[in-house]
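In this text, all values refer to a predicted model and were calculated from it rather than measured experimentally.
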Amino acid sequence: MNSRPSIAFAKPATPKKGSVFVLSADGSGLSDAAKACDPAKALDRAFPVADFTAKFASVMEVLAPEGTSIDRLVVIGAGKVSALDDYAWMKLGGTIAASLRKAIDVAVVVDLADASVGGKEAANLAAGILLRSYSFDKYKTKKDNGDDKGETKKSAKITIYTNDPAGAKKAFADEVAVIDGVLLARDLVNEPANTLGPVEFAARAKELEALGVKVEILTEKEMEKLGMGSLLGVAQGSPRGARMAVMQWNGGKAKDSPVAFVGKGVTFDTGGNSMKPASGMEDMKGDMGGAAAVTGLMQALASRKAKANVVGIIGLVENAVDGHAQRPGDIVTSMSGQTIEVLNTDAEGRLVLADALWYCNDRFQPKFMVNLATLTGAIMVALGQHYAGLFSNNDELSERLTAAGQATQERLWRMPLGSEYDKLIDSKNADMKNIGGRYGGAIIAAQFLQRFVKDTPWAHLDIAGTAMGAPGNEINQSWGSGFGVRLLDRLVRDNYEQ
Ligand code: BES
Ligand code: MN
Ligand code: ZN
């Protein structure tokens, strides 16, 4: 299992044993507080040799300095202290986690001249440590060093020194709720499709009831009654069934209309009859990254008892091929009544979302809907893997999302919508077709979704590039990143809580 560090906060003290991490500001050298950690003399000599100037997130390590009781001193550069925002503190936490190795006893001394380390800063450090420490190793029967796993890996016990331990503890409790939401999303994305199909995913969503979330699971029969021919058409080539999970967290005022999040949950995407090439197809176990983010978000909001009414809806199917699978050219009728000519069975995510969005809007009349989906390869061509695509019919919602993206560094870049693009999905044989021409594939997918949201403020986040396989960073080394959970928690926290 993941060796999750345990974290405590305490008033500044002089650590006497174990590994000591000292955060040091750019150009300031070591203060008396750090020198009290004993090996200061060794450091005074090591700094120039190592050419260490405490640049942000740089690391200098001194092992068991002679004449000291501690095992190791690791100095982490904090750069310019005045420039440290929430995310920078998280990154520093991640940098600490990256250097933990097998340490059990760990003390973090924040030695930043005039910046007193308050509760919020310490909590962000802790958050970065936990996010970076995650790894998906549940299927490894041997540890990386070849040891038998039976001998459980001990996890680090970390004490962070802060002037405000009580404040840190309080801030950290909220952060842990969000972190656990991120880790749940990562777990779901990393889990292979043989163990996580629509039915198994729905069961994971159902577990949120323990936190006070109301969870309904719609079966194929119920979805058929509702007329969800678009979603069910995708599922019909798989023996794994189809589900829709409807999650409600009612932490706000009774009469207040909810905000809504909708996720694409294709537990595996073979492409169907329009089959994908073999190379890289394994990545399509992550084609439920949108649903994973929505589920992780609902867990986070419920765990921290967010003062908002929130709906989370995920459409769960497997896009597989057997003799029952839908064919190119098939025409299906969506819950909205609009008919769709399925010209490419690999453009399935939009077919799932069409019914999920319509159902969400129809039943809940939400203040807004934000959907998340690993929807198109084209968004990766446009933006690479550092920004998710944002498409929206509403400027205020877009601006709030973009701001939340900046704050959490789960960044969004707004892309265009317009009637010139919309007409590209008009069809000769039905109300619309599920693909357009050669260009603007991510936009065309968004135009398709827009036909199912009426005038409700809506945003579509295309997270194909960011939810999985994105380059690692200070706070994530996992293939499944959990992208979207911190972003949307922040959106709710900053704008929709009373
Ligand atoms: N799930 C894929 C999109 C995807 C590709 C996500 C790579 C993550 C990584 C989606 O269902 C898909 O197949 N989209 C097609 C659409 C096309 C057929 C119009 C695509 O992007 O090629
Ligand atoms: Mn596909
Ligand atoms: Zn897909």
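The residues Glu200 and Arg240 are annotated as salt-bridged, a charged nitrogen and a carboxylate oxygen being separated by less than 4.0 angstrom. A salt bridge links Asp180 with Arg4: the closest approach of a Lys/Arg side-chain nitrogen to an acidic carboxylate oxygen falls below 4.0 angstrom. By the 4.0 Å N-to-carboxylate-O rule, Arg363 lies close enough to Glu216 to be salt-bridged with it. Ionic pairing of Lys367 and Asp256 is present here: one or more N-O contacts between side-chain nitrogen and carboxylate oxygen are shorter than 4.0 angstrom. Looking at Arg400 and Asp494, no side-chain N of the basic residue comes within less than 4.0 Å of a carboxylate O on the acidic one, giving no salt bridge. Between Asp269 and Lys285 there is no salt bridge, since no side-chain N of the basic residue sits under 4.0 Å from a carboxylate O of the acidic one. Between Arg327 and Asp330, at least one side-chain N (NZ, or NE/NH1/NH2) sits under 4.0 Å from a carboxylate O, which counts as a salt bridge. Salt bridge status for Glu175 with Arg304: absent, with no side-chain N to carboxylate O gap under 4.0 Å.
In this pair, Phe9 and Phe172 present their aromatic rings perpendicular. The plane angle is above 60°, beyond the 30 to 60° band. Below 30°, between 30° and 60°, or above 60°: for Trp458 and His460 the angle between ring planes is below 30°, a parallel geometry.
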(message) Assess the residue pair Leu353 and Leu231 against the criterion (side chain to side chain contact (heavy atoms under 4.5 Å, CB included)); give the C-alpha distance rounded to whole Å, side-chain angles, the decisive distance to 0.1 Å, and a yes or no.
(response) CA-CA 7 Å; Leu353 288 171; Leu231 180 150; over 6 Å; no
(request) Using the side chain to side chain contact (heavy atoms under 4.5 Å, CB included) rule, take Val311 and Val259 through it: C-alpha gap first, then chi angles, then the decisive distance, then the call. (result) CA-CA 6 Å; Val311 172; Val259 300; over 6 Å; no
(request) Would you check, one step at a time, whether the test side chain to side chain contact (heavy atoms under 4.5 Å, CB included) holds for Lys138 with Glu191? (result) CA-CA 9 Å; Lys138 70 187 269 204; Glu191 188 72 30; 2.8 Å; yes
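Within the 4.5 Å cutoff, no side-chain heavy atoms of Thr270 are placed close to those of Met284. Side-chain contact check for Pro328 versus Asn273: some heavy-atom pair is nearer than 4.5 Å.
At least one cation-pi condition fails for Lys120 and Trp89: the charged atom is not both under 6.0 angstrom from the six-membered ring centre and inside a 45 degree cone around its axis.
There is no side-chain donor-acceptor pair under 3.5 Å between Glu410 and Thr408. Asp355 and Ser334 share no side-chain donor-acceptor pair at under 3.5 Å. For Thr95 and Glu474, the side-chain atoms include no donor-acceptor pair closer than 3.5 Å. In this model, no donor atom of one side chain and acceptor atom of the other lie less than 3.5 Å apart for Ser481 and Asn476.
Other residues, nucleotides and ligands contribute over 12 non-hydrogen atoms within 6.0 Å of the NZ atom of Lys276.
Two rings, from Tyr496 and Phe368, have their centers less than 6.0 Å apart.
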